[in-house]
Peer 1: 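Before we start, here is the structure in question, set down as structure tokens.
Order of the sequence lines sets the chain letters (A, B, ...), proteins ahead of strands, with each chain counted from 1.
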Amino acid sequence: MSRLDHTFFRRDVLEVAPALLGKRLVRRYDDGREESFLITETEAYRGEEDLACHASKGKTPRTATMYLPGGVLYIYLIYGMYWMMNIVTGTEEDPQAVLIRGIEGFDGPGKLTRRLSIDKSFNAEDLVTSSRIWLEETGLLPSYTTSPRIGVDYAGEKWKNMPWRFKVK
DNA sequence: GTAACGATCCTC
DNA sequence: AGGATCGTTACA
């Protein structure tokens, strides 16, 4: 199977987020067991100007990962108990990321990371070279719907209404 | 130090 | 509608 490389990730997040739908997320565990799921739902967070994006407050120890070149994971803890898995996109010093909200059978960003045993140790993991998590091409181009992002009402009228949530029909 | 706040999920 | 639960951040 062909693994997605840097050219796929180093594009604008608004191209990559919908393009991730139907791609295969592969997880290889320490015991050699391997399993994979198709991605079903994503959300785009785009640059310091996007008030819903963590990088809107500038570069901090936590958000520094988002400033890396596209193709690495940005992992953070929310509400004290759920790890969120994001894929960094775009070029270096342009903070963008795609939140993975759903995979086959597991809707919800907190549920899928728990299912795949993803935690802080995956922060800045390179999807192009990692031996424990990566993405593969499937040739699928699922039709999808767009809608506003979840849980970002604090971001103000303009940004909370951006239709940057992408979900397979 | 200290306090407030979440890109959530589950149970009532 | 509300609680769990803690890293990150800003500010004193």
Side-chain angles (χ1 to χ4, degrees), chain A residues 4 8-23 25 27 35 37-127 133 135 142 144-169:
Chain A
L4 297 182
F8 178 87
F9 301 107
R10 292 179 185 173
R11 296 180 289 155
D12 191 275
V13 69
L14 295 180
E15 286 182 48
V16 179
L20 283 168
L21 299 175
K23 294 294 187 285
L25 174 65
R27 174 81 169 93
E35 48 185 11
F37 302 86
L38 298 184
I39 295 174
T40 59
E41 186 177 348
T42 62
E43 261 178 18
Y45 290 85
R46 189 170 186 270
E48 295 184 344
E49 64 170 8
D50 175 6
L51 296 184
C53 181
H54 288 169
S56 63
K57 296 188 182 116
K59 190 189 284 190
T60 66
R62 179 178 66 155
T63 64
T65 308
M66 266 202 279
Y67 290 76
L68 297 174
V72 301
L73 293 179
Y74 166 49
I75 308 289
Y76 66 91
L77 185 71
I78 191 66
Y79 299 118
M81 26 185 147
Y82 298 104
W83 296 104
M84 300 285 102
M85 178 169 67
N86 302 251
I87 297 175
V88 174
T89 67
T91 56
E92 188 167 17
E93 296 306 317
D94 185 4
Q96 307 184 338
V98 179
L99 171 65
I100 306 301
R101 291 199 66 87
I103 56 178
E104 300 171 283
F106 294 90
D107 287 335
K111 288 200 283 190
L112 72 90
T113 51
R114 192 175 52 191
R115 174 66 181 76
L116 294 170
S117 299
I118 302 295
D119 60 22
K120 180 92 188 212
S121 76
F122 284 78
N123 189 45
E125 185 94 355
D126 189 343
L127 292 173
I133 189 168
L135 292 176
Y144 60 88
T145 56
T146 63
S147 54
R149 295 170 290 181
I150 301 297
V152 295
D153 287 351
Y154 61 83
E157 282 304 311
K158 175 178 179 179
W159 298 103
K160 81 177 191 188
N161 292 318
M162 287 294 188
W164 289 354
R165 179 185 181 203
F166 306 91
K167 193 177 168 88
V168 174
K169 279 180 185 168

Peer 1: Under 4.0 Å between a Lys/Arg side-chain N and an Asp/Glu carboxylate O for Lys167(A) and Glu41(A)?
Peer 2: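 A salt bridge is present here (some side-chain N lies under 4.0 Å from a carboxylate O).
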Peer 1: Minimum heavy-atom separation for Ala19(A) to Arg11(A), with atom names?
Peer 2: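 Of all heavy-atom pairs spanning Ala19(A) and Arg11(A), the closest is CB-NH2, 4.0 Å.
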Peer 1: Reading DNA chain C in the 5' to 3' direction, which nucleotide is the first one with an atom under 4.0 Å from a heavy atom of chain A, and which is the last?
Peer 2: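 It runs dA4(C) to dT9(C).
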Peer 1: Just the endpoints, please: which first and last nucleotides of DNA chain B, 5' to 3', lie under 4.0 Å from a heavy atom of chain A?
Peer 2: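 In short, chain A contacts DNA chain B from dG6(B) to dC10(B).
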Peer 1: Between Asp50(A) and Tyr45(A) (side chain of the first, backbone of the second, donor and acceptor by atom type, cut-off under 3.5 Å), is there such a pair?
Peer 2: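 Not a single qualifying donor-acceptor pair exists.
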Peer 1: Under the side chain to side chain contact (heavy atoms under 4.5 Å, CB included) test, which residues partner Pro109(A), sequence neighbours left out?
Peer 2: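 Only Met84(A), Leu99(A), Arg101(A) meet the side chain to side chain contact (heavy atoms under 4.5 Å, CB included) criterion with Pro109(A).
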Peer 1: Closer to the 5' end of DNA chain C via nearest nucleotide, is it Thr60(A) or Ile78(A)?
Peer 2: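 Taking each residue's closest nucleotide, the earlier one in sequence belongs to Ile78(A).
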Peer 1: Does this structure show an ion pair linking Lys59(A) with Glu48(A), if we count only N-O contacts that are shorter than 4.0 Å?
Peer 2: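 Result for this pair is no, no salt bridge flagged.
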Peer 1: Would you mind listing every side chain to side chain donor-acceptor pair (under 3.5 Å) that reaches into residues 78-90 of chain A, with sequence neighbours excluded?
Peer 2: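 Qualifying pairs: Thr89(A)-Gln96(A).
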Peer 1: Please determine whether a side-chain nitrogen of the Lys or Arg among Lys158(A) and Glu49(A) lies less than 4.0 Å from a carboxylate oxygen of the Asp or Glu.
Peer 2: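 Result for this pair is no, no salt bridge flagged.
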Peer 1: Look at all strands and tell whether Arg62(A) reaches a base, only sugar-phosphate, or nothing, counting heavy atoms closer than 4.0 Å.
Peer 2: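 Result for Arg62(A) = sugar-phosphate.
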Peer 1: Just by modelled atom types, is the Lys169(A) backbone N or O under 3.5 Å from a matching donor or acceptor in the Thr145(A) side chain?
Peer 2: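 Such a contact is absent between Thr145(A) side chain and Lys169(A) backbone.
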Peer 1: Would you jot down, in residue-number order, the residues of residues 79-109 of chain A having a non-hydrogen atom under 4.0 Å from DNA chain C?
Peer 2: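 Nucleic-acid contacts, sorted: Tyr79(A), Gly80(A), Met81(A).
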Peer 1: Before you tell me yes or no, could you show the steps for Phe106(A) and Leu116(A) under side chain to side chain contact (heavy atoms under 4.5 Å, CB included), namely the whole-Å CA-CA distance, both residues' side-chain angles and the distance that decides it to 0.1 Å?
Peer 2: CA-CA 10 Å; Phe106(A) 294 90; Leu116(A) 294 170; over 6 Å; no
Peer 1: Heavy atoms only: give me the nearest Leu112(A)-Gly102(A) pair and the separation to one decimal.
Peer 2: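 Smallest interatomic distance, heavy atoms only, reads CD2-N, 3.7 Å.
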Peer 1: Let me spell it out: for each of Tyr154(A) and Arg114(A), pick the nucleotide of DNA chain B with the closest heavy atom. Which residue's pick is nearer the 5' end?
Peer 2: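 Mapping each residue to its closest nucleotide by heavy atoms, the 5'-most match is Tyr154(A).
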Peer 1: If I compare all heavy atoms of Ala44(A) with all of Leu14(A), which pair ends up nearest, and what's the gap?
Peer 2: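 The pair with the smallest heavy-atom distance is CB-CD2, 3.9 Å.
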Peer 1: What would the secondary structure line of DNA chain B be in dot-bracket form, counting Watson-Crick and G-U wobble pairs under 3.5 Å, with [ ] for pairs that cross earlier ones and | for pairs with another strand?
Peer 2: ||||||.||||.
